[in-house]
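Naming: A, B, ... by sequence-line order, numbering from 1 per chain.
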Amino acid sequence: MTQTHALVILFAAVFTNNILLSNFLGMCSFIACSRQVDTALGLGAAVAFVTASTTILNYTIYHWVLVPWNIDHLALIVFIMVIAAFVQFVEMFVERFSPTLYCALGVFLPLITVNCAILGASLFMVIRDYSFAQSVGFGLGAGLGWALAILLIAGLRQKMTYSRVPKPFQGVAITMLITGIMAMAFMGFTGMVTIE
Amino acid sequence: MKDIPHSPFHDRRPPTLLTSSEDGRGMAAPPTLGKHTMWEAVPPGDSWAGHGGQRKSTALQRPRRSPVPGIGQTVWVFNQGLWANNPISVQVLGICSALAVTNRLANALVMAAALLFVGVASSLFVSLLREATPRRIRMIAEVMIIATFVVVFDQLLKAFYWDMSKQLGPYVGLIITNCIIMGRAEAFASHNPPFISALDGAANGIGYGIVLALVASLRELLGSGTLLGYPVLSADWYTPNQLLVLAPGAFLTLAFLIALFNAVHPTGDERRPT
């Protein structure tokens, strides 16, 4: 088990090891929903919340149920079920207590279940063998990092609406290109902190 | 919007189904798709889909329910998966793994094999269970089927190729949330007979594999001067460009590749606004 402090892991997950820009997770909904800053903000917030919560939930289940019973090979199935159930639960909860928020987030919630950033955060948590505090830091950081990346790209794409992009590059290709340049910018953080 | 051939299956991918008001009866000439007309793109030998004029006004045509698909259908499915609707270059689905594991060709090939296995098996089983699955829990059922096969592959990889399993990290497990597999299960296998669904899974897996191999060859060749670990570009005159092995290189390579596909294959990106 690594001894890195949880806050260092949080910082690293947002900047040096951004889950989208250096681990490429959550690209599908990233490309689909990064046309406007408002949409990106809503989706980013929802993903950040669900990532942080499910990482903590999955940590508890993995270390308290799966490992003691020696069924950790079922981790994948259990994790995806936890995520799907949690999203469903959040949807019901939000619908009951805050209809305004439900209207704002409603369309994003089904997208979140199949967002690989969320399952990916749980899997990284297992692979890197984090402690509880580290998992909390990592879950929060991964979610915030994803939200930050989609917000930055959405801002750029919104500005780009009126620019003349060569025809073959229109749509996905130019988005991926600016994401690559953004990833290069984030590489500038490399070396500040390192997590494996 | 009729630049994509009408699907002979219940394939909800492109919005190409004709509505009752435009059943082709009143058209002077069929719309063209490149140098072929739209009707020619439909596989031969299917009387129900052959000519626009014979079409009933219902929006969805019943697919032929024979257990073994004909040659025309097979060719159609493979053309869709490999070229016309390639999951990565045209639909841009499942690119997380396409970006992440393409730093070395060997990783990409193993990943492609994983996707092929999971795609075929899950399409087959989703299709076999399609009558028994209640609509409301269909998604969960599909995810469970996919997850089962992913676990099988993951365990096999861990048992026999531990090093490769380490290198691929979480990306084999992330096939569960791969949009290609979910998309094919949802759009194709849940409406079509098992055999053609398995073929559809195979076609999409191979289409994914080809693009992955292409990206990985480029990145490994230019990024470290090797292919499958064997030195190809000699270190005497070629300085490997490390950027291509790192994260930005993945984005840039795939961006240029998709742009290239769009240029060669103009139907690809037109339905997506910027």
Can you tell if the side chain of [X] reaches within under 4.5 Å of the side chain of [Y], non-hydrogen atoms only?
{"X": "A:I31", "Y": "B:I95", "result": "yes"}
{"X": "B:T177", "Y": "A:N115", "result": "no"}
{"X": "B:I140", "Y": "A:M81", "result": "no"}

Interchain contact, [X] with chain A, by part (heavy-atom threshold 4.5 Å):
{"X": "B:L260", "result": "neither"}
{"X": "B:L257", "result": "neither"}
{"X": "B:L254", "result": "both"}
{"X": "B:N178", "result": "neither"}
{"X": "B:I146", "result": "neither"}

Looking at [options], which has the largest count of heavy-atom pairs under 4.5 Å with chain A?
{"options": "B:A147, B:P170, B:G249", "value": "B:P170"}
{"options": "B:K158, B:M139, B:M144", "value": "B:M144"}
{"options": "B:I258, B:L99, B:V143", "value": "B:L99"}
{"options": "B:A247, B:G94, B:C96", "value": "B:C96"}

Is it the backbone or the side chain of [X] that comes under 4.5 Å from a heavy atom of chain B, or both, or neither?
{"X": "A:I80", "value": "side chain"}
{"X": "A:L76", "value": "both"}
{"X": "A:M182", "value": "neither"}

Looking at every non-hydrogen atom in both residues, tell me the closest pair between A:A173 and B:A255 and how far apart they are. O-CB, 3.4 Å
Smallest separation among heavy atoms of A:G180 and B:F251, with atom names: CA-CB, 3.4 Å
Which of A:I77, A:I181, A:T175, A:I83 touches chain B most, by non-hydrogen pairs under 4.5 Å: A:I77
Show the numbers, then the answer: is there a side-chain contact (heavy atoms from CB on, under 4.5 Å) between B:V101 and A:F24? CA-CA 10 Å; B:V101 300; A:F24 316 105; over 6 Å; no
Is A:Y162 atom OH crowded by more than 12 heavy atoms from other residues, nucleotides or ligands, each under 6.0 Å away?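 12 or below, so no.
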Is A:Y62 atom OH crowded by more than 12 heavy atoms from other residues, nucleotides or ligands, each under 6.0 Å away?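 Yes - once you tally the heavy atoms of other residues, nucleotides and ligands closer than 6.0 Å, there are more than 12.
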Out of curiosity, [X] [atom1] to [Y] [atom2], how far, rounded to the nearest 0.5 Å?
{"X": "B:K166", "Y": "A:I127", "atom1": "NZ", "atom2": "CD1", "value": "7.0 Å"}
{"X": "A:M27", "Y": "B:C179", "atom1": "CE", "atom2": "SG", "value": "10.5 Å"}
{"X": "A:M176", "Y": "B:F256", "atom1": "CE", "atom2": "CZ", "value": "12.5 Å"}
{"X": "A:C28", "Y": "B:M182", "atom1": "SG", "atom2": "CE", "value": "11.5 Å"}
{"X": "A:Q170", "Y": "B:N262", "atom1": "CD", "atom2": "CG", "value": "9.5 Å"}

For side-chain contact (heavy atoms from CB on, under 4.5 Å), just list the numbers for A:M184 and B:L246, CA-CA rounded to whole Å, side-chain angles, deciding distance to a tenth of an Å, and then say yes or no. CA-CA 9 Å; A:M184 259 186 246; B:L246 298 171; over 6 Å; no
